[in-house]
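First up is the structure itself, then whatever we jot down about it.
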Amino acid sequence: GNMLYLSGQIGIIPGTPQLADTGIAGQTRQALENVKALLVYAGSSLERVVKCTVFLTDMRDLAKMNEVYATYFPKDPPARSTIAGSGLALGARVEIECMATVGGS
């Protein structure tokens, strides 16, 4: 249908296996830039995201992650779940997956 299910993105530099940053703010920013680029490629956008799931390796990073996240969804943010886990790919501190609408308006 018109739903796009975007698998989890970590803060890697596109085309490399390297994290863009070691801190939670930098990794969150890069993960969301990766999400944004994939959404555009698939014919969607951040404005069309309806749900995100954020995986953190440490819930103490929640406030800093939220600060960056809010800049990408400044008004009418999508529904979101945030959970703590361990062992994210490449030692990442955050992973973000999203669902968005695509296609017709």
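The residues of the chain are indexed from 1 along the displayed sequence.
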Tightest non-hydrogen contact, residues Leu19 and Leu90, listed as CD1-O, 3.5 Å
For residues 61-74, the salt bridge (Lys or Arg N to Asp or Glu O under 4.0 Å) pairs (sequence neighbours left out) are Asp61-Arg93
- Query: Where do Gln30 and Glu33 land on the side chain to side chain contact (heavy atoms under 4.5 Å, CB included) test, with the steps shown first?
  - Reply: CA-CA 5 Å; Gln30 186 62 56; Glu33 285 296 323; 4.1 Å; yes
Report, one line per pair, each donor and acceptor closer than 3.5 Å where one atom sits in a side chain of residues 5-18; sequence neighbours left out.
residue: Gln9; atom: NE2; partner: Ser7; partner atom: O; Å: 3.3
residue: Thr16; atom: OG1; partner: Ile13; partner atom: O; Å: 2.8
residue: Thr16; atom: OG1; partner: Gln18; partner atom: N; Å: 3.1

* Check whether any side-chain heavy atom of Pro78 sits under 4.5 Å from a side-chain heavy atom of Met99, and report yes or no. => no
Side-chain contact, heavy-atom cut-off 4.5 Å: Val54 with Glu97? no
For Tyr72, the ring pair (Phe, Tyr, Trp, His ring centres under 6.0 Å) test, sequence neighbours excluded, returns none
ask   = Does the pair Met65 and Leu56 meet the rule for a side chain to side chain contact (heavy atoms under 4.5 Å, CB included), with working shown?
value = CA-CA 9 Å; Met65 183 280 299; Leu56 296 172; 4.2 Å; yes
Residue pairs passing the side-chain hydrogen bond (donor to acceptor under 3.5 Å, both in side chains) test with at least one member in residues 35-45, sequence neighbours excluded, are Ser45-Glu47
Nearest heavy-atom approach of Gly43 to Arg48 is O-NH1, 3.9 Å
OG1 (Thr82) and CG (Leu62) are apart, to the nearest 0.5 Å, by 6.0 Å
### Task
May I ask you to check whether Asn66 and Arg80 show a side-chain donor-acceptor distance below 3.5 Å?
yes
For Phe73 and Val49, the nearest pair of non-hydrogen atoms, with its separation, is CE2-CB, 4.0 Å
Next on the checklist: Test of understanding: clusters of I, L, V, M, F, W, Y form through side-chain heavy atoms closer than 4.5 Å, transitively. Do Val35 and Val40 belong to the same one?
Outcome noted: no
Scanning both residues in full, the closest heavy-atom pair of Ile96 with Ala31 reads CD1-CB, 4.2 Å
For Asp58, the side-chain hydrogen bond (donor to acceptor under 3.5 Å, both in side chains) test, sequence neighbours excluded, returns Arg60
Should Val102 and Leu46 be regarded as members of a common hydrophobic cluster, given that ILVMFWY residues are connected when their side-chain heavy atoms come within less than 4.5 Å of each other, either directly or indirectly? yes
Tracing side-chain contacts under 4.5 Å among Ile, Leu, Val, Met, Phe, Trp and Tyr outward from Phe55 reaches Ile83, Leu88
